[in-house]
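Some notes on the structure that comes next.
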Amino acid sequence: METITEARRHIDNAKGFLKNNARKQDGLFQDPKYVKIAGHTAYTGVLLALNEILPGTNKKTRKSVEWYQKELSALDKKMLSHFITSYQLLHLNMGYDGTKSVKIANVGLEEAEKIIDWVETRLTKKEMKNP
C-alpha cells in the first residue's frame, strides 16, 4: 500500500499548490503556472496508483493514455470513465492549458481520488485473498 500512500501524497501536494500558490479569486486561479504544476502532479498520482494494479506496468517503458484506457476498459468501465475525465481535466485542461477554473480543478481532483480509492480497494481485496 506504499504506492497508494505516494499517490495520495501527490494529490495532497497538488491541492497545496492550488491553495498556497495559485491565488484563488472569484472562482478563478490567478497564476496558471501553479495550476499546471498541480495538474501534472495530480495526474502522476493517478498513474502511480493505476500502475500498481494494471498488468505490464512494472516495465520501465512509458505507457500511452490509450494503453491505460484499453486496460481499464477490460477491468471496469466506470473507472475508465473516471480515468478519461481525470486525464482531460488534470493532464490536459490543468497541466497543459493552465485553466483558471477552480471548479474544473476540484472535479479533476475528485476524479483522481475516486481512482486511487478504487485501486486501494482492489489491492485490499487481493491481499485478503492471498494472505
Side-chain angles (χ1 to χ4, degrees):
M1 294 294 192
E2 187 177 315
T3 302
I4 297 302
T5 303
E6 183 67 14
R8 289 191 198 288
R9 191 172 72 84
H10 275 70
I11 301 302
D12 290 342
N13 287 345
K15 288 177 180 179
F17 287 127
L18 295 174
K19 181 180 179 184
N20 300 325
N21 302 102
R23 298 188 326 267
K24 181 169 65 170
Q25 182 180 347
D26 298 326
L28 298 173
F29 292 115
Q30 302 304 305
D31 193 339
K33 171 186 172 183
Y34 291 101
V35 173
K36 290 179 179 186
I37 291 169
H40 284 302
T41 301
Y43 185 66
T44 299
V46 168
L47 296 182
L48 281 171
L50 288 174
N51 287 346
E52 193 65 20
I53 63 162
L54 295 177
T57 53
N58 294 333
K59 297 178 183 173
K60 301 225 180 214
T61 57
R62 194 173 297 157
K63 305 294 183 193
S64 68
V65 68
E66 293 83 8
W67 183 88
Y68 284 98
Q69 290 172 338
K70 179 179 174 247
E71 294 299 320
L72 279 171
S73 71
L75 281 178
D76 188 321
K77 299 282 189 209
K78 186 175 180 182
M79 272 312 119
L80 171 62
S81 178
H82 290 301
F83 175 74
I84 291 169
T85 302
S86 71
Y87 172 75
Q88 180 67 44
L89 299 180
L90 297 174
H91 190 61
L92 299 177
N93 294 124
M94 290 176 66
Y96 282 107
D97 300 337
T99 185
K100 292 188 171 197
S101 173
V102 171
K103 287 181 183 179
I104 287 176
N106 288 339
V107 172
L109 292 168
E110 287 170 13
E111 293 295 297
E113 289 173 334
K114 287 176 188 175
I115 293 168
I116 294 168
D117 289 344
W118 175 77
V119 170
E120 182 178 35
T121 301
R122 288 184 68 94
L123 289 173
T124 302
K125 287 180 182 177
K126 186 177 178 180
E127 285 178 3
M128 291 174 70
K129 286 181 180 177
N130 304 320

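The analysis underlying the following values was restricted to heavy atoms, covering all of them including side chains, and did not include hydrogens, waters or symmetry mates.
- Scanning both residues, His10 and Leu48, for their nearest heavy atoms gives CE1-CD1, 3.4 Å.
- Heavy-atom minimum distance, Pro55 versus Glu71: CG-OE1, 3.5 Å.
- Considering CH2 of Trp67 and CZ of Arg62, their distance stands at 14.0 Å, rounded to 0.5 Å.
- Note that CZ of Arg23 and NZ of Lys100 are 9.0 Å apart. Values are rounded to the nearest 0.5 Å.
- Using a 4.5 Å cut-off on side-chain heavy atoms (C-beta onward), Thr3 and Val119 make no contact.
- Considering CZ of Arg122 and CG of Leu54, their distance stands at 9.0 Å, rounded to 0.5 Å.
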Quiz item: Taking it one step at a time, do Leu89 and Tyr43 satisfy side chain to side chain contact (heavy atoms under 4.5 Å, CB included)?
Solution: CA-CA 9 Å; Leu89 299 180; Tyr43 185 66; over 6 Å; no
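- A single hydrophobic cluster is seen to contain both Ile11 and Trp118, as judged by linkage of ILVMFWY side chains at heavy-atom distances under 4.5 Å, directly or through other members.
- Panel note: side chain Asp97, backbone Thr99; no donor-acceptor pair is recorded below 3.5 Å.
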Practice problem: Mind running side chain to side chain contact (heavy atoms under 4.5 Å, CB included) on Phe83 and Leu47 for me, showing each step along the way? | Solution: CA-CA 10 Å; Phe83 175 74; Leu47 296 182; 4.1 Å; yes
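- When all heavy atoms of Asp76 and Lys78 are compared, the closest pair comes out as OD1-N, 2.9 Å.
- Atom CD1 of residue Ile104 and atom CE of residue Met94 lie 9.5 Å apart, to the nearest 0.5 angstrom.
- For Gly98 against Lys36, the heavy-atom pair with the smallest separation is CA-CG, 3.7 Å.
- Taken together through direct or relayed side-chain contacts under 4.5 Å among Ile, Leu, Val, Met, Phe, Trp and Tyr, Leu18 and Ile37 form parts of separate hydrophobic clusters.
- Separating the CG atom in Asn93 from the NE2 atom in His91 is a distance of 11.0 Å, to the nearest 0.5 Å.
- Contact between Val46 and Ser86 at its shortest, heavy atoms only, is CG1-OG, 4.3 Å.
- Aromatic ring centres of Tyr96 and His40: separated by under 6.0 Å.
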Listing, residues 105-116 side-chain donor-acceptor contacts under 3.5 Å, not counting sequence neighbours, or none:
from: Asn106; atom 1: ND2; to: Val102; atom 2: O; distance (Å): 3.4
from: Glu111; atom 1: OE1; to: His82; atom 2: ND1; distance (Å): 2.6
from: Glu111; atom 1: OE2; to: Lys114; atom 2: NZ; distance (Å): 3.3
from: Glu113; atom 1: OE2; to: Lys15; atom 2: NZ; distance (Å): 2.6

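- Here the closest heavy-atom approach between residue Phe29 and residue Ala22 is recorded as CD2-CB, 3.4 Å.
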Exercise. Dump the intermediate steps for side chain to side chain contact (heavy atoms under 4.5 Å, CB included) on Phe17 and Asp31, then the final yes or no.
Key: CA-CA 10 Å; Phe17 287 127; Asp31 193 339; over 6 Å; no
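- The salt bridge (charged side-chain N to carboxylate O under 4.0 Å, His left out) pairs that include a residue from residues 4-14 are Glu6-Arg9, Arg8-Asp117, Arg8-Glu120, where partners are two or more places apart or lie in different chains.
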